[in-house]
Amino acid sequence: MKKIYQKYILIVIVVLIIDIFSKYWIFNHLDLYETKKILSVLNLFHVHNYGVAFSALSSKTLWNRFFLSILSIIIILLIFKEILKSKKSHKKLAFYFIISGAIGNLTDRIYYGFVIDFIDIHINNWHFATFNISDCSIFIGIVIYIKNKYKI
């Protein structure tokens, strides 16, 4: 296996390990909706997201769980297809970060029926949407992709 692919696989593994263990810790150490203050602008806040980004398509039904899981698998396969076609390493890097996050959230959805979110960034009473390590990985991948596509 080429050394560059080993680096990408390592990124996926590291992101997934951090994601899985952080969600495991939250699930087992904080009650649902419990908050633990970390910094003046950062809390750990245990919530369950039954939908996608910003709780869109949020429903606790088995159909919703099945639909979002299948949708995630399709997206992962399409991104993997793009990785195989791509010749640019920065594009591959972006896609591997996105896939890492997608797999992490898919794992939650299949195992729990929801995604565990817990990172709560806030300023006074204004709170950004609660998210997790997988979401951070997806965001990093999107930033890398946009930065290189538009030469920002």
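Checked options Phe118, Tyr111, Tyr112; the residue passing with Phe27 is Tyr112 (criterion: ring-ring contact (aromatic ring centres under 6.0 Å, His included)).
Both Leu77 and Ile9 belong to a common hydrophobic cluster when Ile, Leu, Val, Met, Phe, Trp and Tyr are linked at side-chain heavy-atom distances under 4.5 angstrom. Phe80 and Leu106 fall within a single hydrophobic cluster, where Ile, Leu, Val, Met, Phe, Trp and Tyr are joined by side-chain heavy atoms under 4.5 Å apart, directly or via other members. Under a hydrophobic-cluster definition in which Ile, Leu, Val, Met, Phe, Trp and Tyr are linked whenever side-chain heavy atoms come within less than 4.5 Å, directly or via other members, Ile140 and Val143 are assigned to different clusters. By the rule that hydrophobic residues join a cluster once side-chain heavy atoms approach within less than 4.5 Å of another member, Ile123 and Leu42 end up as members of separate clusters. Both Ile121 and Leu30 are assigned to one and the same hydrophobic cluster, defined by single-linkage of ILVMFWY side chains at heavy-atom distances under 4.5 Å.
Heavy atoms of other residues, nucleotides or ligands lying less than 6.0 angstrom from CG of Leu39 number more than 12.
Side chain to side chain, Asp31 and His46 fail the donor-acceptor criterion of an N or O pair below 3.5 Å. Of the N and O atoms on the side chains of Ser134 and Asp19, at least one donor lies less than 3.5 Å from an acceptor on the other residue.
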Just distance, no hydrogens or angles: give the donor-acceptor pairs under 3.5 Å from side chains in residues 90-98, sequence neighbours left out.
{"unit_1": "Lys92", "atom_1": "NZ", "unit_2": "Tyr5", "atom_2": "OH", "d": "3.3"}
{"unit_1": "Lys92", "atom_1": "NZ", "unit_2": "Ile83", "atom_2": "O", "d": "2.7"}
{"unit_1": "Lys92", "atom_1": "NZ", "unit_2": "Ser86", "atom_2": "O", "d": "3.0"}

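Atom CD1 of residue Ile110 and atom CG of residue Leu68 lie 11.5 Å apart, to the nearest 0.5 angstrom. Distance check: Ile18 CD1 to Ile133 CD1 gives 7.0 Å after rounding to the nearest 0.5 Å. Interatomic distance, Ile11 CD1 to Lys7 NZ, rounded to the nearest 0.5 Å: 6.5 Å. Note that the CD1 atom of Ile103 and the CD1 atom of Ile76 stand 5.0 Å from one another [nearest 0.5 Å]. Interatomic distance, CD1 of Ile146 versus CG of Asn148, reported as 10.5 Å (0.5 Å rounding). The structure places CG of Asp117 at 5.5 Å from CG of Asp135, a figure rounded to the nearest 0.5 Å.
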* Asked: Please walk me through it: do Glu34 and Leu44 pass side-chain contact (heavy atoms from CB on, under 4.5 Å)?
  -> CA-CA 8 Å; Glu34 182 179 350; Leu44 295 180; over 6 Å; no
* Determine, step by step, whether Ile119 and Thr130 satisfy the side-chain contact (heavy atoms from CB on, under 4.5 Å) criterion, reporting the C-alpha distance in whole Å, the side-chain angles of both residues, the deciding distance to 0.1 Å, and the verdict. => CA-CA 5 Å; Ile119 301 170; Thr130 308; 5.5 Å; no
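Taking the six-membered ring for Trp and thresholds of 30 and 60 degrees, Phe114 and His48 have nearly parallel ring planes, at less than 30 degrees apart.
A donor-acceptor pair under 3.5 Å links the side-chain atoms of Asn132 to the main chain of Ile116, judged by distance alone. Looking only at distances, no side-chain donor or acceptor of Asn105 sits under 3.5 Å from a matching main-chain atom of Ala102.
Between Val12 and Tyr8 the shortest side-chain heavy-atom distance does not fall below 4.5 Å.
Partners of Asp108 by side chain to side chain donor-acceptor pair (under 3.5 Å), not counting sequence neighbours, listed by chain and number: Lys23. Scanning for side chain to side chain contact (heavy atoms under 4.5 Å, CB included) contacts around Tyr24 gives Asn28, with sequence neighbours left out.
Heavy atoms only, all atoms of each residue included: Ser100 and Leu16 are closest at O-CD2, 3.5 Å. Residues His122 and Ser40 share a closest heavy-atom pair of CE1-O, 3.0 Å.
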